[in-house]
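Just the heavy atoms: all of them, side chains too, but no hydrogens, waters or symmetry mates, feed the values below.
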Amino acid sequence: GKTARYIQTQDILAEQLAKKEEEEKKSKEIAEEHGKRVAKIGHVNPKERRNFFIAVNPKGATKRWFKTVSVDEFHSKASKSAQYRILLDDRVVLTPGQFALWAPSEILANAVAAEWDMQEKTITPHMMPLMGLCCTTLDSMATKREHAISTILGYILTDTICYRAKKAATRLHEMQVKFHQPVIEWCQERFNSKINVIEEGSFLEAEQPDIVFQKARWYLNELTDWELASFYQMSENVKSYFLAMALFENKIDIEWAIQASRCEENFQISQFGLVEAEHDVTEADIRTKLTAAVFFGHVVKGIKI
């Protein structure tokens, strides 16, 4: 009864305390390595403000507390290449996973710095998509890389461009052929294998040859964590492995990818009208995330880390 609940509560508190001590230890180690104080992306106890500043509090709005944003080149012990870290009032920013926020490209670092500098009175994390991608890469890709690859490969089974409407639905079918077929043909040439497309509005699964999955996995395995984070966000927003690869390889542009991934929805809108604050907001959100992922992918592509 009460004794068991008391012991359970004490165990939880001890675990939280140990986690907090580990985070503080890691923060101090980063501060020592970088030779600068740090700013955390997350909640910080007000009593600790002498040492740590809140960069972003995901639980609520955070007022802009910093005056200057800068980019600084740094060579860490763990990386052979240069790191470009983002500094807020000369403080190293820590990700939610307690890693120093940095980018392998000076262009990307300056773009992230610009996102921070555009935060006027309050800091809004969802208005900083490039910063979010950096945090995802640093916090998750190294430990959840296989999960990310499996998720991306999963889109092949239900890939947007592998399903066609009935030819009787002339406008929709023509739209799908226009935006999907060139990508299908490029992917077939890229993988030297046929890509199966389900016709006539069938609900059958578009099964693909094993060689397609093997080559798709090999392709993803060759990407760095930074490139993979970009590819993951692309595939997540277009619901397609093949569109994401064409976009990542610069074979199609963002507008083409959006049109190709939203053929059915755009057709429905043309038939029944736009639902304001629904269709337009969804497309704007996809466009923002896709644009960030494409820029992110292009500036980190080929960088050896």
Side-chain angles (χ1 to χ4, degrees), residues 133 145 148-167 169-267 283 286-303:
L133 277 165
R145 183 180 174 88
I149 289 174
S150 296
T151 301
I152 295 169
L153 291 174
Y155 286 113
I156 295 177
L157 299 172
T158 57
D159 203 286
T160 304
I161 68 173
C162 293
Y163 294 86
R164 300 271 168 84
K166 293 180 180 180
K167 291 182 180 178
T170 309
R171 285 179 58 200
L172 175 56
H173 187 268
E174 288 178 351
M175 196 185 303
Q176 290 174 328
V177 171
K178 176 183 177 181
F179 288 106
H180 296 175
Q181 194 58 33
V183 179
I184 290 287
E185 291 174 2
W186 175 76
C187 289
Q188 288 181 150
E189 184 179 346
R190 186 76 162 71
F191 285 159
N192 193 26
S193 174
K194 178 177 174 55
I195 304 294
N196 293 319
V197 176
I198 300 297
E199 300 280 359
E200 290 298 313
S202 173
F203 290 102
L204 293 174
E205 188 175 88
E207 295 183 1
Q208 303 300 344
D210 289 343
I211 191 66
V212 170
F213 282 95
Q214 291 169 10
K215 289 187 175 181
R217 176 175 283 278
W218 176 85
Y219 182 88
L220 296 175
N221 284 337
E222 291 296 302
L223 300 181
T224 65
D225 289 346
W226 294 84
E227 292 167 337
L228 188 61
S230 164
F231 199 106
Y232 183 92
Q233 184 152 306
M234 289 182 200
S235 62
E236 183 180 43
N237 282 278
V238 296
K239 308 302 180 189
S240 167
Y241 174 93
F242 301 123
L243 283 176
M245 186 171 74
L247 196 54
F248 188 76
E249 292 286 334
N250 206 27
K251 298 300 178 182
I252 59 174
D253 60 20
I254 294 168
E255 193 59 40
W256 187 294
I258 291 174
Q259 292 297 325
S261 66
R262 292 171 61 82
C263 280
E264 288 187 30
E265 188 159 358
N266 288 338
F267 175 74
E283 183 173 337
I286 290 172
R287 191 179 296 275
T288 299
K289 291 176 180 176
L290 211 51
T291 301
V294 169
F295 174 80
F296 188 94
H298 287 175
V299 295
V300 302
K301 194 174 182 181
I303 296 178

Given the rule in the side-chain contact (heavy atoms from CB on, under 4.5 Å) test, do Y219 and R190 qualify, once you have shown the distances and angles that lead to the verdict?
-> CA-CA 11 Å; Y219 182 88; R190 186 76 162 71; 3.3 Å; yes

How far apart are the C-alpha atoms of W186 and I252, what are their side-chain angles, what is the distance that settles it, and do they pass the side-chain contact (heavy atoms from CB on, under 4.5 Å) test?
-> CA-CA 10 Å; W186 175 76; I252 59 174; over 6 Å; no

Between I211 and Q214, does a side-chain contact (heavy atoms from CB on, under 4.5 Å) hold up when you go through it step by step?
-> CA-CA 5 Å; I211 191 66; Q214 291 169 10; 3.6 Å; yes

When you look at E264 and Y163, which way does the side-chain contact (heavy atoms from CB on, under 4.5 Å) test go after all the steps?
-> CA-CA 11 Å; E264 288 187 30; Y163 294 86; 5.6 Å; no

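When all heavy atoms of Y155 and T151 are compared, the pair lying nearest together is CD1-O, 3.5 Å. Considering every non-hydrogen atom in both F213 and L153, the closest pair reads CE2-O, 4.0 Å. Considering every non-hydrogen atom in both L243 and A257, the closest pair reads CD1-O, 4.1 Å. The two residues R145 and T224 come nearest to each other via the heavy atoms NH1-C, 3.7 Å. Scanning both residues, A260 and T160, for their nearest heavy atoms gives O-CG2, 3.9 Å. The heavy-atom pair separating L290 from N237 by the smallest distance is CD1-CB, 4.1 Å.
I258 CD1 to E283 CD: the interatomic distance, rounded to the nearest 0.5 Å, is 6.0 Å. The CZ atom of R262 sits 5.5 Å away from atom CG of N266, with the distance rounded to the nearest 0.5 Å. Rounded to the nearest 0.5 Å, atoms CZ (F248) and CG (L228) are 9.0 Å apart. Distance CH2/W218 to CG/L220: 10.5 Å, rounded to 0.5 Å. To the nearest 0.5 Å, atom CD1 of residue I303 and atom CD of residue E227 are 8.5 Å apart. Of the inter-residue distances, the one linking E249 atom CD with C187 atom SG reads 10.0 Å to the nearest 0.5 angstrom.
We find that K289 and E236 are not joined by a salt bridge, their nearest charged nitrogen and carboxylate oxygen being 4.0 Å or further apart.
A donor-acceptor pair under 3.5 Å is absent between the side-chain atoms of S235 and the main chain of S240, judged by distance alone. Remark: side-chain polar atoms of W256 are paired, donor with acceptor, to backbone N or O of F179 under 3.5 angstrom. The main-chain N or O of R164 is never found under 3.5 Å from a side-chain atom of E199 such that the two would form a donor-acceptor pair.
Between M245 and M234 there is no side-chain heavy-atom pair separated by less than 4.5 Å. In this structure, H173 and C263 have side chains that are not in contact, with every pair of non-hydrogen atoms separated by 4.5 Å or more. With a 4.5 Å cut-off on side-chain heavy atoms, I156 and C162 do not count as touching. Contact annotation: the side chain of L223 never approaches that of I149 to less than 4.5 Å [non-hydrogen atoms, C-beta and beyond]. For the pair H180 and F242, the minimum side-chain heavy-atom distance is 4.5 Å or more.
Contacts of E205 classified as side-chain hydrogen bond (donor to acceptor under 3.5 Å, both in side chains), with partners at least two apart in sequence or in another chain: none.
In this structure, E207 places its CD atom where only 12 or fewer heavy-atom neighbours from other residues, nucleotides or ligands lie under 6.0 Å away. Within 6.0 Å of CD on Q259 lie more than 12 heavy atoms contributed by other residues, nucleotides or ligands. The environment of CD in E222 is crowded: more than 12 heavy-atom neighbours from other residues, nucleotides or ligands sit within 6.0 Å.
In summary, the side chains of Y241 and Q208 do not present any donor paired with an acceptor at a separation below 3.5 Å, with no hydrogens or angles considered.
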